[in-house]
Amino acid sequence: MKIELRGVLKAYQSVRALDHVSLEIEPSQIVGVLGANGAGKSTLLRCLAGIAAPDKGAIFFDEDEFSRDRLDLRKRIYTMPDFPFFFWEQSILRNIAMILRLYDADGDGAEGRVVQLLREFDLLPLALRPVNSLSRGQLYKAGLAAMLAADREVWLIDEPFASGMDPQGIDVFKRYARAAVGRGRTIIYTTQILDIAERFSDRVCLLHQGEVRAFDSLDKLRL
Amino acid sequence: MKLHSPAFESALQKGVKQAVQDDLELRQASRRSHKRPRHRWWSDSVLRPLLSILLAGLVYRTVEVTHRVDAGLMVFDLWIITLTFRFTQNLLELPFASSDIATLRLLPVSDSTIFRWEWDKFFEASLFCLSDVTAGFIVLGVLFHLSPIQWIITLGLVPVTWAFMLALAALGAGRFPRFPYGSILGPLYLLWFLLFAGAQYTFPLLMTFVDNTAPIFNVLAPTGWPLCLFQLLLPDGRWLTGLLLVPMGLILWTFKDSFQLLRTRFISFIYYEPIFEETADLMPGEDSTATTSTDGSPEPIRRPIGTTTIEEGILSGQFLRQEVWNGGWLEGKLWHWFDKREKALAEFAFPDGVAVTQLWKGIVRNFLIVTFLGFGAGIVSRDIEFAFFAIGFIVILCQAMVPMLSTGTAFRMIVNGGLDIPLYAAYPIRFRDLSRVLLKYSAIQMPLFTLLVVTSFLLLTCVFGLTLAISMLIGINAGIVFWGARLFLLVFGFSSGSNDSSTISLRSLTLFAFFALFGLVFLILVVFTAVLSIMGSVSGMIWDLQPILWVGSFLALLDGYAFFKIYGWFYHTGRFDLMRQHR
């Protein structure tokens, strides 16, 4: 799914979180959005998800202008905030089931995908536990499991590497993400860790005070 | 209470002020951040005294029209009831409402100190009602030409009334926390709005009600007891009223106990750590217990099952099968009414299912109790019967509003990066889809709600000589108007999770203008239809006025629908964010 931002401006009072951002993200790649605190990384993801509304400019998915009314487009995008949006008193499994139904992703093969993901994230023994009994890392893993089970075309992930996940969880996520890119998925994630962005991303978008300072592969950016 | 070192705070403040002064950007940010208290100043210094003046004006007119002190006291009492219920609701929310609590919990501060902190805030806020109480008594004093000594006593009643309100609120929150204070407050606010906004039409109705019920009402409602003491100062004052000092003293005496109870509840609420059952060992729907015999008595034991069983359970697809709502007849009908998408959204809004049938059984039970007791009271006095039916039906209608207007977890907020974001915003859920589910949820109960209103009026028919046709006419029209209100409330639900009105911009001002216009038109139509129904029934002209009543009700519905659609357009075209600053 091709993603395009055309002159997106998003301001909070006098602060421009996104300052006329224009980007073209081709499908089948992992894009790391890099920047300091307050650079506008999370705002960018929120605008793409429809949570935040741009003051100016527009967002296009496969040349279709995005709006909150476009359920067809919204079902192709999965947003994973830095704190997963779950029903806390419900079990991991129930939350995953509800999310899969919301995305119409509860068809054939969903059961196998869920079992495999829960096993790999080491969540199988906790599958029927309420979400609010989980640790921060486990919670994030559960969020990722829901996202990976839904397997949408665009993944918007906020700070996956500062989520409290253990190395095993991070490894599983990376592996699934790389495989998903091979299936044509587009993954946009935010991070402040240059080292990770360098090794994990196909392209890096460098944001500074709401402006795109660079958008290319790290190899090219180094030159 | 000191949570800090005053010397440290003073030094810190000085340092921060200096740093702000030295930096232009910080100075500008500081100026911006100081804008908010101005809004508070406006509400505290202008709007609050204005309310006191309005109350005083209403009490004045009541006494002027009826020439009866108890009529004025009853209007005053209705206001005190509203405030006391508000206080009670605040006390019930004390353990979790304030955003301070989360921060204070992280500090090395004892739980009782945190309670004290929250209590002090509640206490300070309650002082605002002193202006209302003072205004009410001053008006009564002026009207009845009190002597200087009587004035001193009257002003002495102000703190007594205020203390009594606090004691009642503490008692209510402590001993009767399940009473639906919040549900009753909504109609009470509406009542006051109708009284203030439609004074020309509603005032005569109020007078009719007050004339019939004032003496009984003031004695029956505990909030009226300190007000009744004013009558002792008048030449024809009934000295028996002085006996009210006894129950008043008893209630004031319970304050310490209620305070301790609230404190204990607050502490246990804060430090309540949820302990979850070992659900990981069980699949949904499986029996968690099996009986075994150790000492001859049956004892529940848990069957330990491992991840293999969980895995098999997941692979069976059981977890993906939605639980059908079949708790009762209404739930079953509602479930069949939903399409596949709506079922997924219904599960999102009500993950634990709904128990509408059960709630309505409770409403019918209470309705029968009120009816039975009302007719019983009629044997003693016609006035008591009237008061009983009027108050009883209002309470039952409020109770019916709870399941009718419920939105479940549809608008639940999640704190994320210092922002409150509604849960639905992160998922592919549209305004219109979620609204449709919630509207269907209300619609399935609509026949029962209409039946309740019709039956209430039908009973009043027996008591006050109206006809069945009039009861039905009013009941159905009330149902139509209710739909308009439902649409407005849905918009408020969505609005609560957005920043649509938190900044001043052309968009927010346009939206506000729409809200003001449609909201005002709706309220005018509500007042209009309510007044028309009641006046028409009383005067016997309801059939002549019938076409106007239908037009008024449908216009109210249309108005609500138009506003709903306009807000939906703003929502879908991204005119505001689905998040707001964390409160």
Side-chain angles (χ1 to χ4, degrees), chain A residues 10 12-14 42 46-47 49-55 66-91 93-104 106 110-112 114-115 118-119 124-130 132-133 158, chain B residues 28-29 32 274-284 306-307 310-322 340-341 343-345 347-348 351-352 409 412 414-417 419 421-433 503 505 568 571-579:
Chain A
K10 180 68 193 170
Y12 297 110
Q13 292 178 347
S14 59
S42 297
R46 285 179 193 137
C47 283
I51 295 171
D55 298 321
F66 178 73
S67 73
R68 286 183 191 138
D69 202 21
R70 292 292 304 269
L71 190 63
D72 56 331
L73 292 178
R74 289 178 67 186
K75 277 189 178 176
R76 294 163 71 186
I77 304 162
Y78 195 104
T79 310
M80 172 76 183
D82 62 350
F83 221 77
F85 277 27
F86 275 152
F87 282 100
W88 283 53
E89 62 286 346
Q90 304 293 337
S91 69
L93 206 54
R94 181 83 198 279
N95 272 289
I96 292 177
M98 285 165 75
I99 290 167
L100 292 183
R101 275 192 280 274
L102 284 172
Y103 281 97
D104 290 330
D106 56 338
E111 304 90 347
V114 171
V115 164
L118 291 178
R119 198 191 293 127
L124 207 50
L126 311 172
L128 299 177
R129 274 185 190 271
N132 53 6
S133 67
D158 203 5
Chain B
Q28 286 169 343
R32 277 199 300 274
I275 297 165
F276 300 101
E277 288 184 21
E278 291 294 321
T279 48
D281 289 344
L282 288 166
M283 287 305 295
T307 51
I310 294 174
E311 191 174 321
E312 283 169 1
I314 298 172
L315 286 171
S316 73
Q318 190 187 338
F319 83 105
L320 283 172
R321 280 193 284 277
Q322 248 183 307
K340 185 173 179 274
R341 173 75 181 158
K343 279 177 183 164
L345 293 175
E347 189 191 21
F348 177 85
D352 294 320
T409 52
R412 179 182 281 196
I414 302 279
V415 183
N416 191 276
L419 297 165
I421 301 177
L423 192 59
Y424 66 80
Y427 296 110
I429 297 174
R430 290 186 301 185
F431 173 83
R432 68 176 72 138
D433 301 332
T503 51
S505 66
Y571 179 98
H572 282 308
T573 51
R575 303 285 146 168
F576 45 77
D577 302 332
L578 300 184
M579 57 188 192

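Letters go in sequence order (proteins before strands), and every chain restarts at 1. Bear in mind that the values here come from a model prediction, so they are computed numbers and not experimental data.
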Side chain, backbone, both or neither: which part of B:Arg321 has a non-hydrogen atom closer than 4.5 Å to chain A?
backbone
Max heavy-atom pair count under 4.5 Å with chain A, selected residue of B:Ala426, B:Pro422, B:Gly568:
B:Ala426
When heavy-atom pairs shorter than 4.5 Å are enumerated against chain B, which of A:Pro81, A:Gly112, A:Ala110 gives the highest number?
A:Pro81
Atom pair CE (A:Met98) and CG (B:Leu345), whose distance is rounded to the nearest 0.5 Å
10.0 Å
Interchain contact, B:Tyr571 with chain A, by part (heavy-atom threshold 4.5 Å):
both
Sequence neighbours excluded, which residues qualify as salt bridge (Lys or Arg N to Asp or Glu O under 4.0 Å) partners of B:Arg430?
A:Asp69, B:Asp433
A:Leu100 versus chain B, heavy atoms under 4.5 Å apart: side chain, backbone, both or neither?
side chain
For B:Lys343, check side-chain contact (heavy atoms from CB on, under 4.5 Å) against everything at least two apart and list the hits.
B:Gln322, B:Trp335, B:Phe338
So which part of B:Ile429 gets closer than 4.5 Å to some heavy atom of chain A, the side chain, the backbone, both or neither?
both
Under 4.5 Å to a heavy atom of chain B? For A:Phe66 that would be neither
State, to 0.1 Å, how close B:Tyr427 and A:Tyr103 come at their nearest heavy-atom pair, and which atoms those are.
CD2-CE1, 3.8 Å
Atom pair CG (B:Leu419) and CD1 (A:Ile51), whose distance is rounded to the nearest 0.5 Å
10.0 Å
Which heavy-atom pair separates B:Phe348 from B:Thr409 by the least distance, and what is that distance?
O-OG1, 3.0 Å
Proximity breakdown for A:Ile77 and chain B, heavy-atom pairs closer than 4.5 Å
neither
Turns out that what part of A:Arg76 lies under 4.5 Å from chain B's heavy atoms comes down to neither
Taking every non-hydrogen pair under 4.5 Å, which of A:Asp104, A:Thr79, A:Val114, A:Leu73 racks up the most with chain B?
A:Val114
Fit a plane to each ring of B:His572 and B:Phe431, take the angle between them on a 0 to 90° scale, and name the class: parallel (under 30°), tilted (30 to 60°) or perpendicular (over 60°).
perpendicular
